[in-house]
Amino acid sequence: MSEVDRSDVIARARSFAETELAPRAAEFDREERLPHDVVRRMADEGFLGASIPAKWGGLGLDPLAYGELTEIIGKACASTRALLTVHTSIVATTLLELASKRLKEKYLTALARGEKIGCFALSEENAGSDAAAVETTYTGKGDTFVLNGRKKWTSFAGIADLFLVIASDNGVTSAFVVERDMPGVETRPMSGFLGNRATHIAEVSFADVEVPAENLIAGIGAGFGFVVNTALLHGRYSIAWAGVALAQAALEEMCSYATRREQFGVKIGTQQLVQKMVADAVTNVAAARELCRRAGRFLAPRNADAAMETNIAKYFSSTIAQRATSDAVQVLGGNGCWSGFPAERLFREAKILEIIEGTSQLQQVMIADFGYKKYARKNQSQ
């Protein structure tokens, strides 16, 4: 994509985020739904196919430009950004990389154009970080597969047209594209969440759902090693930028408030302990953004270290987002605990990032393992 095109996309995203998302984000959170007009506008602007090549109906943004887009949208509204993470990063990009040409022709263009909304049906009551432990089953039946089971905490399942479903046959994990209108598919809305409240989270049940064999992604047994890992790679990259977005929003909130609010006859921003929180946020946001950019540079050419660089970026940005939003609440004091200011919503949204797409603890384990392999000295005497 040319620089002019990229600049136009970013400019349109910034205008949309500032004029239409940010003023309504609290409303979306309160009503626990992302309105149809917002989803439609995201589709009309091409944002739902931002990282998909033009031949499939997308904008063809490279990872760095897509990351910048994610930050812009996420800074204005975390739930709208979640639509990018789930629909675009996880579902559409996974199909782009792993689906057959026939399956791409069947679904990818519709996803890229936002004509159909996709969601990722992985998590279950007893399967989260341990993705290989899914209990939803599939069995072969002629030229179809029959799915049975229940998924939980599935973002956008309430409005999705397509479900990327992970299922198992006696431990052999595979992935399928399931359509909402296939007999036996049912969804039940869930509410009461800490954050991402407007993402139409639902339980999804499959009762003898017959799925065409052509809707199998990447072959039998490819569900975990290929499909889940690919989906989580792109999902974590998006979440890494989401952390930057929330931390940046929190930084702006605390700086704006600290330079206006007076206590004991002086602006609270002149107090050294407040300055420390601001200084830490400034530094951490800059560092997190650079880690995301580094991950994007590794991701673009599919460098072998792209997954680990993405893990590092996701771990760091989600950690500093939680810290920056917590400090924003602290700086705003009583106002930071009230929904009349964005700080409390940013705080809730940031905590979610330490859990989804791989918990911080899981990231620590993987990063530590990488550290042992890369940095431990070999053949060193005692």
Side-chain angles (χ1 to χ4, degrees), residues 62-64 66-67 70-71 85 89-90 93-94 97-98 120 122-124 126-134 166 168 171-173 175 218 221-247 280-281 283-326 350-382:
D62 62 42
L64 290 175
Y66 181 62
T70 301
E71 180 184 350
T85 299
S89 294
I90 295 180
T93 304
T94 298
E97 294 193 5
L98 297 179
F120 187 42
L122 169 63
S123 295
E124 300 177 357
N126 298 311
S129 296
D130 185 7
V134 294
I166 308 300
S168 177
V172 179
T173 307
F224 183 74
F226 289 93
V227 179
V228 171
N229 285 343
T230 298
L232 291 181
L233 168 62
H234 295 291
R236 285 170 183 162
Y237 181 69
S238 181
I239 293 300
W241 281 101
V244 175
L246 289 175
D280 286 348
T283 304
N284 286 331
V285 169
R289 187 177 288 113
E290 286 306 311
L291 282 175
C292 287
R293 288 171 176 163
R294 176 179 169 84
R297 289 191 292 270
F298 276 78
L299 196 59
R302 295 297 185 268
N303 186 286
D305 289 331
M308 184 51 59
E309 294 295 334
T310 300
N311 289 342
I312 292 169
K314 192 270 184 186
Y315 169 58
F316 184 79
S317 72
S318 60
T319 300
I320 68 99
Q322 199 280 327
R323 185 178 305 162
T325 56
S326 177
K351 186 59 189 176
I352 299 295
L353 302 187
E354 293 190 303
I355 298 171
I356 60 175
E357 315 306 341
T359 65
S360 291
Q361 289 69 35
L362 186 62
Q363 303 302 312
Q364 288 172 326
V365 170
M366 292 189 292
I367 294 169
D369 185 60
F370 167 77
Y372 294 143
K373 293 176 181 177
K374 187 175 180 66
Y375 300 114
R377 297 188 183 93
K378 304 297 189 293
N379 300 320
Q380 184 177 10
S381 61
Q382 295 294 328

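Note that the structure is predicted; figures quoted are calculated from it, not measured.
Contact annotation: the side chain of Phe316 approaches that of Asn284 to within less than 4.5 Å [non-hydrogen atoms, C-beta and beyond]. Considering only heavy atoms from C-beta on, Ile166 comes within 4.5 Å of Phe120 through its side chain. Side-chain contact check for Glu357 versus Thr85: some heavy-atom pair is nearer than 4.5 Å.
Side chain of Lys374 to main chain of Tyr372: no donor-acceptor pair is present (N/O by atom type, distance under 3.5 Å, no hydrogens or angles). Using a distance-only test at 3.5 Å, with no hydrogens or angles considered, no donor-acceptor pair links the side chain of Ser326 to the main chain of Gln322. When atom types are taken as modelled, the side chain of Asn229 and the backbone of Gly225 share a donor-acceptor pair closer than 3.5 angstrom. Between the side chain of Tyr237 and the main chain of Pro63, a donor-acceptor pair closer than 3.5 Å is present.
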May I have the step-by-step check of side chain to side chain contact (heavy atoms under 4.5 Å, CB included) for Leu233 and Leu299, ending in yes or no?
-> CA-CA 9 Å; Leu233 168 62; Leu299 196 59; 3.9 Å; yes
Kindly indicate, with the supporting measurements, whether the criterion side chain to side chain contact (heavy atoms under 4.5 Å, CB included) is fulfilled by Glu309 and Asn303.
-> CA-CA 10 Å; Glu309 294 295 334; Asn303 186 286; over 6 Å; no
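Note: Ser317 OG to Leu353 CG = 7.0 Å, rounded to the nearest 0.5 Å. Separating the CD1 atom in Ile320 from the CG atom in Leu246 is a distance of 9.5 Å, to the nearest 0.5 Å. Between the CG atom in Asp369 and the NZ atom in Lys373 there is a gap of 4.0 Å [rounded to 0.5 Å]. Distance check, rounded to the nearest 0.5 Å: CG of Leu232 to CD1 of Ile356 gives 11.0 Å. Atoms OG1 and CH2, on Thr70 and Trp241 in that order, are 8.5 Å from each other to the nearest 0.5 Å.
Ile239 pairs with exactly one of Glu354, Lys314, His234 by the side-chain contact (heavy atoms from CB on, under 4.5 Å) rule, that one being Lys314.
The heavy-atom pair separating Ile367 from Ile312 by the smallest distance is CD1-CA, 3.8 Å. The nearest pair of heavy atoms linking Gly235 to Ile90 is CA-CG1, 3.7 Å. Nearest heavy-atom pair, Gly296 versus Leu64, reported as atom, atom and distance to 0.1 Å: CA-CD2, 4.1 Å. A pairwise comparison of heavy atoms in Val227 and Ala218 identifies CG2-CB, 4.4 Å as the closest pair.
Among residue pairs with one or both ends in residues 283-292, those qualifying as salt bridge (charged side-chain N to carboxylate O under 4.0 Å, His left out) are Glu71-Arg289, Glu290-Arg293; sequence neighbours excluded.
Within a 6.0 Å radius of CZ in Phe298, other residues, nucleotides and ligands contribute more than 12 heavy atoms.
Using modelled atom types and a 3.5 Å distance limit, the side chains of Tyr66 and Ser89 yield a donor-acceptor pair.
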